[in-house]
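Bear in mind the structure is a predicted one, so any value in this text is a computation, not a measurement. As the structure lists them, so they are numbered: ligands from 1, and atoms in each ligand from 1. Computed from heavy atoms alone, side chains included, the values below leave out hydrogens, waters and symmetry copies.
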Amino acid sequence: MNKPMQGKVALVAAASKGLGRAVAFELASEGANVALFSRNGQAAIDVAAEITAETGVQALGLQADVCNAEDLTRCVEETVREFGGLHILVNNAGGPPAGTFETLKEADWQYAFELNLLSIVRLVGLALPHLKESGGAVINLASSSIKQPIPGLTLSNVMRTGVAGLSKTLAEELAPHGIRVNTIAPGRIDTDRVRSLDQARADQAGITSAAYKVKTEAVIPLGRYGQPEELARVVAFFCSDAASYVTGQSLLVDGGMVKSL
Ligand SMILES: NC(=O)c1ccc[n+]([C@@H]2O[C@H](COP(=O)([O-])OP(=O)(O)OC[C@H]3O[C@@H](n4cnc5c(N)ncnc54)[C@H](OP(=O)(O)O)[C@@H]3O)[C@@H](O)[C@H]2O)c1
């Protein structure tokens, strides 16, 4: 049976675990061939092998740091060489360091800029000639901080809103090429990143991380953290032809956590 993304090629950044991994799996389960990378190259290769074993599509695992322009060039080149084109780019990276304005150093700002904003600028630039050929889709993974700043995550609050601004601008500029650009903003999805942030906040409050999680879940209308697969399904929808008239949007996947309209 034909799958909806059969014949498509996706590149998913920062995908050896967490949200990126779930997105790579979801796109593959819809039939796309998938390239993915992370700094730990063996972990990326292992995920690619799991994807092929579970879904039957071709998958390519690569070693790359999103902060390294040469790595990103190599990833896009190898993806296109292996699969013959590129239809879907999912931008993702590790989270920036936590901290308030007064605790953060200039080096932290520079690092977060390169990790969470410049990496997207570079990857979109590298993918653009191929996306123009395919009329493809770009997804930028951001954070609920694009709608409501998160206390203690100053760098996320600043860089992610930059990502939202970039997405909206790209949506306008690339629409004539048939390229759609959307932002997906997770709230609390159960991954290692969220677990380590919870642990740090729990330590600060002098409670266990389990107790901290219960407090946080109480302010989420759906009453729980999300699973990576729940976010991945939304990303796959935005990449799919079912969303062919959707561009320039930012969507929260947060169980109703953010209260703004
Ligand atoms: N989970 C949530 O609810 C949530 C909410 C808001 C925002 N976010 C953001 O969404 C992004 C993904 O979060 P996550 O929860 O999936 O995190 P995670 O579980 O920590 O996974 C991060 C992934 O990114 C890779 N990575 C980290 N730094 C990288 C780099 N410099 N270059 C290439 N790959 C890199 C990691 O592999 P290596 O270590 O091998 O590189 C890993 O595969 C983060 O930016 C996070 O802040 C997540």
Side-chain angles (χ1 to χ4, degrees), residues 11-26 34-48 50-51 61-72 74-76 90-99 110-120 122-123 139-164 183-201 213 216-217 220 222 224-232 234-235 250-255 257-258:
L11 173 60
V12 185
S16 63
K17 62 179 184 174
L19 305 181
R21 181 182 185 280
V23 168
F25 257 93
E26 185 64 28
V34 176
L36 63 107
F37 68 83
S38 61
R39 289 168 302 179
N40 181 335
Q42 190 55 51
I45 290 168
D46 291 347
V47 170
E50 284 174 50
I51 286 176
L62 298 164
Q63 191 284 326
D65 186 333
V66 289
C67 299
N68 183 316
E70 286 172 14
D71 282 3
L72 299 181
R74 179 173 43 78
C75 278
V76 172
V90 179
N91 287 307
N92 183 35
Q110 186 65 38
Y111 172 60
F113 168 67
E114 290 182 17
L115 181 71
N116 297 118
L117 187 50
L118 186 60
S119 62
I120 299 181
R122 284 173 168 159
L123 269 171
I139 298 291
N140 294 322
L141 286 182
S143 161
S144 61
S145 62
I146 65 170
K147 300 285 186 191
Q148 179 176 298
I150 302 169
L153 285 186
T154 308
L155 293 171
S156 175
N157 299 339
V158 175
M159 299 307 158
R160 312 297 196 180
T161 45
V163 170
T183 305
I184 301 299
R188 293 284 190 288
I189 312 291
D190 198 6
T191 64
D192 285 355
R193 160 83 176 168
V194 160
R195 282 189 282 273
S196 78
L197 286 172
D198 278 5
Q199 186 64 61
R201 289 169 179 142
K213 189 176 180 206
T216 310
E217 285 174 336
I220 299 174
L222 287 181
R224 62 177 176 85
Y225 287 11
Q227 290 303 309
E229 296 71 25
E230 293 180 289
L231 179 125
V234 178
V235 171
S250 296
L251 186 78
L252 287 162
V253 180
D254 72 341
M257 183 179 75
V258 170

Considering only distance and modelled atom types, tabulate donor-acceptor pairs under 3.5 Å from the side chains of residues 111-118, sequence neighbours left out.
from   : atom 1 : to     : atom 2 : distance (Å)
Glu114 : OE2    : Gln110 : NE2    : 3.1
Asn116 : ND2    : Gly94  : O      : 3.0

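The existence of a salt bridge linking Asp192 and Arg195 is confirmed by a sub-4.0 Å separation between a basic side-chain nitrogen and an acidic carboxylate oxygen.
Of the heavy atoms in Ser145, none comes closer than 4.0 Å to ligand 1. Residue contacts with ligand 1, taken as heavy atom pairs separated by less than 4.0 Å, involve Val194 solely via side-chain atoms from C-beta onward. The proximity of Arg193 to ligand 1, defined as any non-hydrogen pair under 4.0 Å, involves the side chain as well as the backbone. With a heavy-atom cut-off of 4.0 Å, Arg160 touches ligand 1 through its side chain alone. For Ala142, every heavy-atom contact with ligand 1 shorter than 4.0 Å involves the backbone, none the side chain. With a 4.0 Å heavy-atom cut-off, ligand 1 is reached by the side chain of Leu115 but not by its N, CA, C or O.
In the vicinity of Asn40, heavy-atom distances shorter than 4.0 Å reach the ligand 1 atoms 40 (O). With ligand atoms numbered from 1 in the order given, ligand 1 contributes 16 (O), 19 (O) to contacts under 4.0 Å with heavy atoms of Gly18. Those atoms of ligand 1 with a heavy atom of Arg188 less than 4.0 angstrom away are 3 (O). Atom numbering of ligand 1 starts at 1 in the shown order; those under 4.0 Å from a heavy atom of Ala64 are 32 (N), 33 (C).
Proximity of Asn92 to ligand 1 is established by a heavy-atom distance of less than 4.0 Å.
Taking atom 14 (P) of ligand 1 as the reference point, the nearest protein heavy-atom neighbour is Thr191 OG1, 3.7 Å. Looking only at heavy atoms of the protein, atom 16 (O) of ligand 1 is closest to Leu19 N, 2.7 Å. Regarding atom 32 (N) of ligand 1, its nearest protein heavy-atom neighbour is Val66 N, 2.9 Å.
Considering Gly187, Ala98, Ala93 only, the shortest heavy-atom separation from atom 5 (C) of ligand 1 involves Gly187.
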